[in-house]
Structures are given as C-alpha cells and as structure tokens.
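Worksheet: the structure to be examined is printed underneath.
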Protein chains: 2
Amino acid sequence: MGKKQASKMQIKNIADKLGLSVSTVSVVLNGRGDQVRISKETQKKVLNAAKEINYQPNIYARRLRQAANEEAPYVLALFWRRDNLNSRLGRFLEGIFQTIDLKELKIELVVQAYEPGNFMTYMDMLSSNRFSGAMICGLNEEEQKALEEREITIPIVFIGRDSQIYHSVLMDSYRTGEECAACMNLSGVKSAAFLGFEKTGRAERLMEAGFLFGCRSHDVVAKEEWNPRIEKSSYEIGYQTAKQMLSDMELPTAWLVADCRLATGIMAYCRDVGICVPKDLRIIFFENSPLLRYNRPALSSVDIPSQEMAKSALDILILAGESRMDIPIRRELLPIYQIRESSGLEQEENYK
Amino acid sequence: MGKKQASKMQIKNIADKLGLSVSTVSVVLNGRGDQVRISKETQKKVLNAAKEINYQPNIYARRLRQAANEEAPYVLALFWRRDNLNSRLGRFLEGIFQTIDLKELKIELVVQAYEPGNFMTYMDMLSSNRFSGAMICGLNEEEQKALEEREITIPIVFIGRDSQIYHSVLMDSYRTGEECAACMNLSGVKSAAFLGFEKTGRAERLMEAGFLFGCRSHDVVAKEEWNPRIEKSSYEIGYQTAKQMLSDMELPTAWLVADCRLATGIMAYCRDVGICVPKDLRIIFFENSPLLRYNRPALSSVDIPSQEMAKSALDILILAGESRMDIPIRRELLPIYQIRESSGLEQEENYK
DNA sequence: CTGAAAGCGCTTACAG
DNA sequence: CTGAAAGCGCTTACAG
C-alpha cells in the first residue's frame, strides 16, 4: 500500500495467477461482482489473491478510463513547507476553494509538504509536467535558484517570494509598515519603535523600514538603534523588552511588534507600571490570534492576507492557462488590518 | 482551464487542425521542441493553436504513460468542511505527512473542501473508486447516513464521528472531561462547573459529563444546573459569566471551559475582584491558543489531538489496504494536555 | 457466469 | 525535421 519497495502488482497478475480473465478480476475488485453475477467462489478467490499480493489499483489508469467523457480536471499542486503547516495554510486553502467555487473551476488540489531545504526531491514532478500548475510557498533562495534554472513548462506561482522567471504573489511589507504608522493615531506621539527578531527575513526588515519611515514623516522620532532584536517569543522576554524600552523612550510612543505572542508580556508590564494603552502607548502586532480581540484593550494586528494571496495565485494560474504568458506576473497585496483599541484609532475592526 | 463548460480539447484536435501528427504536437507542448529539433515555425504554430483552443492536457493520461515503470501512488482523499479550514487542518496535515515520511509511503494527498450539507456532490467520486482511500471530517448525521447506505468499496475513515460501517477515529471526550478533573489539584476544591455552549454537539456534552463525574468522585460538589449555557465567545460574556458564577459558588472552585476565547474575559474578572488563579479557581480551557501559555498565570488547556488522529487514520487505511477488513476499526484518542499553572498542578507543560 | 477486444489521452522509442 | 505505432493499467460494452 504505497510502500516504496512494493512490487508492481496489477490486475493482470491476479488474472494470470487464477487463470481468469482481466475483466472478471476487474469487475470483482470494483464490487460489481454480484451485479454481473460472478460466482461467489470466483469472487472470493479474486479478493483473496488481491489481498495476498497486496494489490493497489492504479488510480490514474482508472480515472483515464472512467472519465472518458468528462473533462479532465486541472491538477493543481500546492507545495508547502512541512514545518509551517498551521492556520495560515488553512486560510490559504480557504482562498483556493472560494475561488474554485466562485469561478466554477474543476480543480483537484494536491498538497505536497516538503522538508525545508529538500525541495529538489519534487523537481522531477514539476519538470515532467505531472501537474497542470503549481503554487510553491516557503522556498529558500537556493531552492528557488535551482528551480529557476530548470526551465519548467507548467505555470508556477511563488507565494511570498519574488521571481524573475515565474509568477509571484506576496505581501507588500514595506507598505504594510508604512500603513501601520498611518493606522495609529500619531498626534502627540513622541517616539516610535519596531520590535523585531534577531534572526529574521527580508519581509520583516522591509516592514520595519516602512514603519519607521511612516512615523518619521509624521515627525515622530524613530531611531533604528532603539529597535530591540528579540531572540524569541515568551512572556518574560515581552515583559523585559517593554520595561527596557519604556525606560528609554518618552511617552507616548507607538510600537509595531513583529509577533503577537509577545503581547501578554508587554501588556502585563504596562499594567504593572500604569502605562495606559492606547493613551501612552499605541501598539499593533504582526500576525493575528483570536485572543487579541478578546483582550481589553482589544489589541490591533496586521496579518498576512493568505486568503487573498491564494485567490491571486489561482487567478494567475488561470490566466496563464488561458494565454501563454511571456512575462511573469507579480502581485503585491496589502495585509489584513485588524485595527482595534490599542492603536489609538477610534474605529473598531477593519481599517480598509 | 478547468472551467466546467470547457469543451474537451485534446492533442489530436490540435494535430488535425494543423495537419501535424500527434507526436509532433506532444513533443512541442512538453517543451522538448528544440531538443527534438522541431522547426521553430511548427513550434509556434502548435503553441498558438494550443492557446487558441485553450488546451489543457489530461494529467491522468500523462501520468499513466510516464509512470509506466514507477509504482502508482496511493491517492488519498481528505474531505474537510469548507467552514472549518483552520489550524486544526494544519495539524492534521502535519500528522499525515509525518506518517508518510516515517513509513516511507508514496501517497498523493488530494484535499477536497465541501460545503457543509453538500457532501453528496462527492459521493460519485467515492463510489466510482477514484481514490485509493478517503478520510472524511465534519460530516453531519444525514450525510453520514447517506454515505453508509451506499456501499463504498474503498476504505474510508471518519474523523471525529463514530460509524458502524466505516472506520473511525475520534477523541474520547468523556474521558477527557474525567481526566481534566484528575489534572486539577482538587484538594480543597469545594465546587466545580463546566462552562459550555447553548448550541453544541455530542462531544461537548460527553466532556461535561466526564468532568462532572470526575469532580464528584473527588467529593467536589458539581451540579449540572450551575453550568452556564453560553451563547457565543466574547470578552464581555466571559467577564459576565465569571461574575455570575462566582457569586453562586463557594471558593475555591474548578472550571473546565469549552472555549479558550472566553479566557480573557474570565481572567479579567478574576483580576478585578482579586480572585487568585489557581489558588481560588482552578481552570482548564478547551482548545489551545499560543497566547494561553504566554499569560500569567499560564493557562491550561486540552486540545483535540488532530495530529494523532491523522496518524491513526492513515494507519487504519494502510491496514485496510493490506488486508481486507470485515469489521470497521474504531480508535478513540486522548486529547493533548497543556497543563500549566492555572490548573493548580505543580508541573508545567504536558501532563502525559 | 466468463473472456476477448476496444479504447481512455498521452508519451516515447523508432523509422524515415 | 516529422509521422506511425506501441503501450501505460484499467473499465466497459459485447459476445458467448
């Protein structure tokens, strides 16, 4: 059953072994034995033999035959990093299926989880055109380069990475940072900071740059050297970071925090020393957790628009299917804003 | 491109139209035109014609042909409710892919999202054996009944629902409730309650029963009429519910709460009136959010073991593939315990 | 009750 | 540079 070392066993093998014809075996195996009035005895023999050699039908052959009069579906591959199978994937899939519904597409979605750094394993499936199209998320630079060197003929969309060769859909991180600044009520704010991680990617650095630029253009002091480089998320680190920063900065201030899991620590410190959010400290977190909204003050967040990204990616594949694209399409999307009390802005809920 | 109304267009159509042979067209379409030295002109003609008739290759035919010497993969269908595409799906997929890796299986995973109440649409795919096996999650009773009446030959595992006909994997909710009671430090606890929803399913009622039974067997008073029937999750409802309940109950008490999104409201009320968790109130929430652990006190939770369920489901399918099962297999799993400070137990982290 | 034959749509040697 | 033929593994009329 799918074990790599399993031998190739087919209906013909069973038929030969039993001295029956291929059709008889096929009928029995499909559960139509009674219907076609194959003797109970023969049926039993077939079933046993199938069991014995661990027969697994070739689904592709079956489908090719059965679906003779149907339209062949578009087989879409979604490559996703194995270490990142979380709610973001759920929302991405939601986007895919919504689009499928909306446009009445006939798509079969195959999810392939790959070990980070081990994408090459799947390269052959792409270059031998085993899918109608593919979306690839979470590739590292080397892998992307290797993929770009092989000329793949099926349309490919990169999710969250830019490409000169293939299509791509990403979040506009710089503008996100900028707009987060705009989302905060910056009147009266004296200083601003971006709380990011030590080891981080291009997207976070862009967001930081955008945020600082946005604040400065409102005459808010924002020095890059203020921004802490956090090692990882924890309550204590959130608490300590807040403590340290607030001792340096002049209230009120505005923060964009790279990970909402720092929220509890930061908010606890504020509570402990009587810093009022949003009066003294405006704050927006990156990435969303349902619990943020249930906090008091309700905490603001910006999040990757996974659903929109899926939609765009699928749109691109459709387009690429309909007309051979010479130039890669590139779409940059804005995030999902959950602007709530902590930002200092009046309105609850969606900013846009 | 996958549109339902698209006409069936094949290589042969292109070949006929252009007065070329099928092989020439095929070679060009696969990007091997230069390699086989098809004239540029012919290539262009082919490509244009393909574009024009919006040609989409039949992936099944291609695979059948190409993979002649490979073993055909096991095609696994995962049916998931469209309105539930969240992090639970992510963890479920993680379980699947881990098992695939561990057992070195060759499986192609097809994800099918279905509209709740509309599962029947996919019935034909199951009864015509278009998959090697299927996992079905989130079915309602009618749908399950309809599916059980059709005799499907491919192995099927229900996720989260019991069945007399097909295999099933579920969480043991009653025992979960019981064990939650056991997880709390019940010495000195005077009363206990289960905070559940107005409209809810069998699983939650079982958990409630188990929890109350568990508390009572430790001589903790637990009256079913104390248990509130919550309408939905919000900060305010959490706050008000806590207020109301704590006015009736004698401290210290133990609570199992059906939804962690009530946590912020409940904890805020406790803070406001000086109720100390876990000294006065032991508390465990159902379902997990990363933010729970980052609270102080760190909040305990029990969560659906989606990953384990996926593993078990795949194990069952493998078994069913290897030997024709006459009796449905049924596996009940225990949840994931994240027992932290709020339960009153000493140890941090995993209970088991 | 069982078997021989056709054919699903494609790719790949092979021949020219 | 292009075409004719074989064949992937299966199911489905059809014939007996």
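- Side-chain N/O atoms of A:Arg32 include none lying less than 4.0 angstrom from OP1 or OP2 on D:dT11.
- Remark: B:Ser21 is not in phosphate contact with D:dA4, judged by side-chain N or O atoms under 4.0 Å from OP1 or OP2.
- Taking each heavy atom of B:Phe97 and A:Val111 in turn, the nearest pair found is CZ-O, 3.4 Å.
- Smallest separation of non-hydrogen atoms from A:Ser127 and A:Arg150: OG-NH2, 3.1 Å.
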Scan nucleotides 14-16 of chain D against the protein and return all N/O pairs shorter than 3.5 Å with their distances rounded to 0.1 Å.
none

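- The nearest whole Å value for the distance from the CZ atom in A:Arg130 to the C1' atom in C:dG9 is 15 Å.
- Among the atoms of the strands shown, only primed sugar atoms or phosphate atoms (P, OP1, OP2) are found under 4.0 Å from some heavy atom of A:Gly19.
- Taking the ring centre of A:Phe131 as origin, the terminal cationic atom of B:Arg63 falls inside the region bounded by 6.0 Å and 45° from the ring axis.
- Remark: the A:Asn129 side chain and the B:Gln66 side chain contain no N/O donor-acceptor pair separated by less than 3.5 Å.
- For the OP1/OP2 pair of C:dG3 and a distance below 4.0 Å, the side-chain nitrogens and oxygens of A:Thr24 include at least one atom meeting the criterion.
- Summarising the geometry, the separation between CG on B:Leu29 and P on C:dT12 is reported as 13 Å, rounded to the nearest angstrom.
- The CG-P distance, from B:Leu18 to D:dC1, rounds to 17 Å in whole Å.
- Closest contact between the side chain of B:Thr42 and the listed nucleotides D:dC1, C:dT12, C:dG9 involves D:dC1.
- The interatomic distance linking B:Arg62 (CZ) with D:dG9 (P) rounds to 18 Å, in whole Å.
- For the OP1/OP2 pair of C:dT12 and a distance below 4.0 Å, the side-chain nitrogens and oxygens of B:Ser26 include no atom meeting the criterion.
- In terms of phosphate contacts, A:Asn30 brings a side-chain nitrogen or oxygen within less than 4.0 Å of OP1 or OP2 of D:dT11.
- Counting to the nearest Å, the P atom of C:dT11 and the OH atom of A:Tyr60 are 15 Å from each other.
- You'll find that the side chain of A:Arg65 is closest to D:dT11, out of C:dT2, D:dT11, D:dG9.
- Side-chain N/O atoms of B:Ser163 and B:Glu148 include a donor and acceptor closer than 3.5 Å.
- In this model, the phosphate group of D:dC10 is approached by a side-chain N or O of A:Tyr55 to a distance below 4.0 Å at OP1 or OP2.
- The nearest pair of heavy atoms linking A:Ala146 to A:Met120 is CB-CE, 3.6 Å.
- Atoms CD (B:Gln35) and C1' (C:dT11) sit 13 Å apart, rounded to a whole Å.
- Residues B:Lys40 and A:Ser23 both approach DNA chain D. Their nearest nucleotides, taken by heavy-atom distance, put B:Lys40 toward the 5′ side.
- Relative to the side chain of A:Val36, the nucleotides D:dG9, D:dT2, C:dT2 differ in distance, and C:dT2 lies closest.
- Which of D:dT11, D:dT12, D:dG9 sits closest to the side chain of A:Ile11 comes down to D:dT11.
- Taking side-chain N and O atoms only, B:Ser39 has a distance below 4.0 Å to OP1 or OP2 of D:dT2.
- Out of C:dG9, D:dT2, D:dT11, the shortest distance to the side chain of A:Val22 is found at D:dT11.
- Between B:Lys12 atom NZ and C:dG9 atom C1' there is a gap of 11 Å when expressed in whole angstrom units.
- Listed for the B:Tyr122 side chain is a donor-acceptor partner under 3.5 Å among the backbone atoms of B:Ala113.
- Here CD1 of A:Ile136 is found 5.0 Å from CG of A:Leu147. Values are rounded to the nearest 0.5 Å.
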A:Lys103 and A:Glu322: salt bridge (charged side-chain N to carboxylate O under 4.0 Å, His left out), yes or no, with the steps? CA-CA 14 Å; A:Lys103 306 206 168 180; A:Glu322 284 172 355; over 6 Å; no
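- Here D:dA13 sits opposite no nucleotide as a Watson-Crick or G-U wobble pair (both hydrogen-bonding atom distances under 3.5 Å).
- One atom, CG of A:Leu64, and another, P of D:dG7, lie 17 Å apart when rounded to the nearest Å.
- Distance from the side chain of B:Gln66 is smallest to C:dT12 among D:dC10, C:dC1, C:dT12.
- For A:Arg37, the listed nucleotide lying nearest its side chain is C:dC1; candidates were C:dC1, D:dT2, D:dC1.
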